[in-house]
Amino acid sequence: VFSSRRRHTRCREVSWARRCVQETEIIAFDKRLEEFKNRGINVIGVSIDSQFSHFAWKNTPVNQGGIGQVRFPLVADITKQISRDYDVLFKEGVALRGPFLIDQDGTVRHAVINDLPLGRNIDEMLRMIDTMLFTNEYG
């Protein structure tokens, strides 16, 4: 989820099953976190894993398969309700990958839902954020 303090925009990143693509994407979002913050956007990760899994994953060094101390929050969607709400829950057991850009009114302005082996594109997400912010300001 990406969320803006300034412009009250959120972008929700739903689904992170533990796969190699997942770890590298989470780390990549964290490495570019300042680019989101400079646009007034907060990143929030959501997965169907428990908070205990998130804790263990964050406390495992990157070189040992963890994600390290990422600086954005990870939400544990253990009831899978968020995944259902964003239509990424597959067969009630797996959440597909999907970044969501949500405006200050709670309207989803951009969403991409990928099959399990496909990753997310951070450059494209930033481009969509820039587009949304520009059209919000200039129409």
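Being a predicted model, the structure only gives us computed values, none of them experimental.
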Q) Can you find a pair of side-chain heavy atoms, one from Thr135 and one from Arg109, that are under 4.5 Å apart? A) yes
Q: Please check if Phe55 and Trp57 belong to a single hydrophobic cluster, counting links between Ile, Leu, Val, Met, Phe, Trp and Tyr side chain heavy atoms closer than 4.5 Å.
A: no
Q: Mind running side-chain hydrogen bond (donor to acceptor under 3.5 Å, both in side chains) on Gln81 and Asp77 for me, showing each step along the way?
A: CA-CA 7 Å; Gln81 190 58 52; Asp77 180 25; over 6 Å; no
Q. Does Leu89 share a hydrophobic cluster with Leu96, counting links as ILVMFWY side-chain heavy atoms below 4.5 Å and allowing steps through other members?
A. no
**Q.** Heavy-atom donor-acceptor pair, Thr107 side chain to Asp103 backbone, under 3.5 Å
**A.** no
Q | Any donor-acceptor N/O pair, Arg84 side chain to Thr79 backbone, under 3.5 Å | A | yes
**Q.** Minimal non-hydrogen separation, Pro99 against Val112, with atom names
**A.** CD-O, 3.1 Å
Q: List the atom of Ile113, the atom of Tyr86, and the distance in Å for their closest heavy-atom pair.
A: CD1-O, 3.9 Å
Q | Set of residues satisfying salt bridge (Lys or Arg N to Asp or Glu O under 4.0 Å) with respect to Arg127, sequence neighbours excluded | A | Glu124
Q. Which pair of non-hydrogen atoms, one from Ser50 and one from Ala76, has the smallest distance, and what is that distance?
A. C-CB, 3.7 Å
Q | Pairwise distance CD1(Ile129) to NE2(His110) - rounded to 0.5 angstrom | A | 9.0 Å
Q. Tell me, do Ile78 and Phe52 make a side-chain contact under 4.5 Å, heavy atoms counted?
A. no
Q: With sequence neighbours excluded, give me every salt bridge (Lys or Arg N to Asp or Glu O under 4.0 Å) pair touching residues 50-76.
A: Asp30-Arg71, Glu34-Arg71
(Q) Could you work out, with salt bridge (Lys or Arg N to Asp or Glu O under 4.0 Å) as the rule, every residue matching Asp130, not counting sequence neighbours? (A) Arg39
Q | Note, Gln69 side chain near Asn59 side chain (heavy atom, < 4.5 Å) | A | yes
Q: Enter the distance from Ile102:CD1 to Asp105:CG here, rounded to the nearest 0.5 Å.
A: 12.0 Å
Q) Considering only heavy atoms from C-beta outward, does the side chain of Val88 approach that of Phe100 to under 4.5 Å? A) yes
Q.
Any non-hydrogen side-chain atom of Leu74 less than 4.5 Å from a side-chain atom of Ile67?
A. yes
Q: Please round to the nearest 0.5 Å and tell me the distance separating atom CE of Met125 and atom CD1 of Ile41.
A: 8.5 Å
Q | Verify same cluster id: Phe29, Leu126 (apolar side-chain graph, 4.5 Å) | A | yes
Q | Atom of Val43, atom of Pro73 and distance for their closest heavy-atom approach | A | O-CD, 3.5 Å
Q) Which value, rounded to the nearest 0.5 Å, describes the distance between Lys80 atom NZ and Asp85 atom CG? A) 14.0 Å
